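A short worksheet on the structure shown next.
Quick note on labels: first sequence line is chain A, next is B, and so on, each numbered from 1. Bear in mind the structure is a predicted one, so any value in this text is a computation, not a measurement.
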Protein chains: 2
Amino acid sequence: MSEGVEWAIHSCLNLTWLEPGEAVPAARMAAFYELPPAYLNKQLQALARAGILTSTPGPRGGFRLARRPEDISLMDVVAAIEGPDEAFRCEEILRQGPGEHEGVDYRRRCVVSQAMRRAEMAWRAELAGQTLADIRATVERRNPSAPGETRAWFANLRT
Amino acid sequence: MSEGVEWAIHSCLNLTWLEPGEAVPAARMAAFYELPPAYLNKQLQALARAGILTSTPGPRGGFRLARRPEDISLMDVVAAIEGPDEAFRCEEILRQGPGEHEGVDYRRRCVVSQAMRRAEMAWRAELAGQTLADIRATVERRNPSAPGETRAWFANLRT
DNA sequence: GCTCGGGTACTCGGATACAACTTGTCCGAGTCAAGACGG
DNA sequence: CCGTCTTGACTCGGACAAGTTGTATCCGAGTACCCGAGC
């Protein structure tokens, strides 16, 4: 899995602590974790294309969440970075086998494909069940000062 | 995910239908699905290194299952091909963040990492719960002639 | 007829190229804000 | 003092390289079989 997924989730999480309407440039978000600014910008662009973030150019511009944290699941973020297709893609090699049937869709018929798909669906369901709001709540419960500190860091120039 | 996983699972499944002690060369297994022989050989080598298959060189040699199909899970095959490490690897970017703590293992502490790990564990558990014997039983229930046809194909030179 | 030895063909195994994708970087189009200028 | 225009800096966005992983191939080391010769 791409490393940008980790960056994207943490960046989106930080955005949940900002006041509504406030935008943060990609360079500032990159400085938070000392990441390559241009590359993080690329990932944030993907999130914007997926409708998770909205981007505004120009001074005082940057990225902000496009909808409420309750409506953004980890699955959404992962799909935005990694692409929509599944990790295990059935190439239907049974079609090349000796006992093939012409009009059969082996993506649904093949028992192996079904088993792999079932496992992947369990993974996706687990990710879809966790929203940014859930993550944020857990973090705040463990470290109540996180929201204020994060917001202050993005507001000031402090490292 | 690597495409070799699909090849490996189907090849192992075919091996479950052979009589005990019978070995099949990689070239023959590749011909079954019209796969590149040398590359499939490479995947089978990985399965042999993982202890799933045993290989014997020379005439009448080839690959065969190293243990009973009941004791080989899909997780074993996937891990043999893809490697043992997880898809989402936490790089602990929180360590570079402003509120870091020196001696903390963020792979366990970070809430994001925990959520991703939970999803991946669900995936792995689903794969570990399906053995080659289960797959074989399902296939035989749907198509009772599969064992005989497969065995006959590998025994004869028929396409 | 039986045993033994050499040759041969067959198998895996690792070393070796090629291609695709992830990672990383750069510069241009567009935009907002601030400042200067004129009324 | 107020409104307007110009200038400038700042932002994203896509186009452009480099490195790493997956894909594919080839040839050599080792082995079992087969066949023929000798007893």
Closer than 4.0 angstrom, basic N to acidic O: yes or no for B/E86 and B/R89?
no
With the side chain defined as heavy atoms from C-beta on, A/S2 is closest, among D/dT23, D/dG13, C/dT23, to C/dT23
To the nearest Å, how far apart are B/L47 CG and C/dG13 P?
11 Å
Do B/S73 and B/D76 have side-chain N/O donor and acceptor atoms under 3.5 Å apart?
yes
Between A/G58 and B/A27, which residue's closest nucleotide on DNA chain C lies nearer the 5′ terminus?
B/A27
Can you check whether A/F154 and A/W17 have ring centres sitting under 6.0 Å from each other?
no
A/A38 side chain: which of C/dT25, D/dA32, D/dA9 is closest?
C/dT25
Does the distance from a Lys or Arg side-chain N to an Asp or Glu carboxylate O, for B/E92 and B/R95, drop under 4.0 Å?
yes
DNA chain C: A/R60 or A/G4, which has the more 5' nearest nucleotide?
A/G4
Between C/dT11, C/dG13, D/dT23, which nucleotide has the shortest distance from any of its atoms to the side chain of B/P57?
C/dT11
Report which part of the nucleic acid A/A26 touches: base, sugar-phosphate, or nothing (heavy-atom distance under 4.0 Å, all strands).
sugar-phosphate
Quick one: label B/P36 by what it contacts on the DNA or RNA (base, sugar-phosphate, nothing), any heavy atom closer than 4.0 Å.
sugar-phosphate
Between C1' of C/dT25 and NZ of A/K42, the distance in whole Å
10 Å
Distance, rounded to the nearest Å, where B/M1 contributes CE and D/dT21 contributes P:
17 Å
Of the listed C/dG13, D/dG22, D/dG13, the closest approach to the B/Y39 side chain comes from D/dG22
Taking the side chain of A/P59 as heavy atoms from C-beta outward, which of D/dT25, D/dC10, D/dT31 is closest to it?
D/dC10
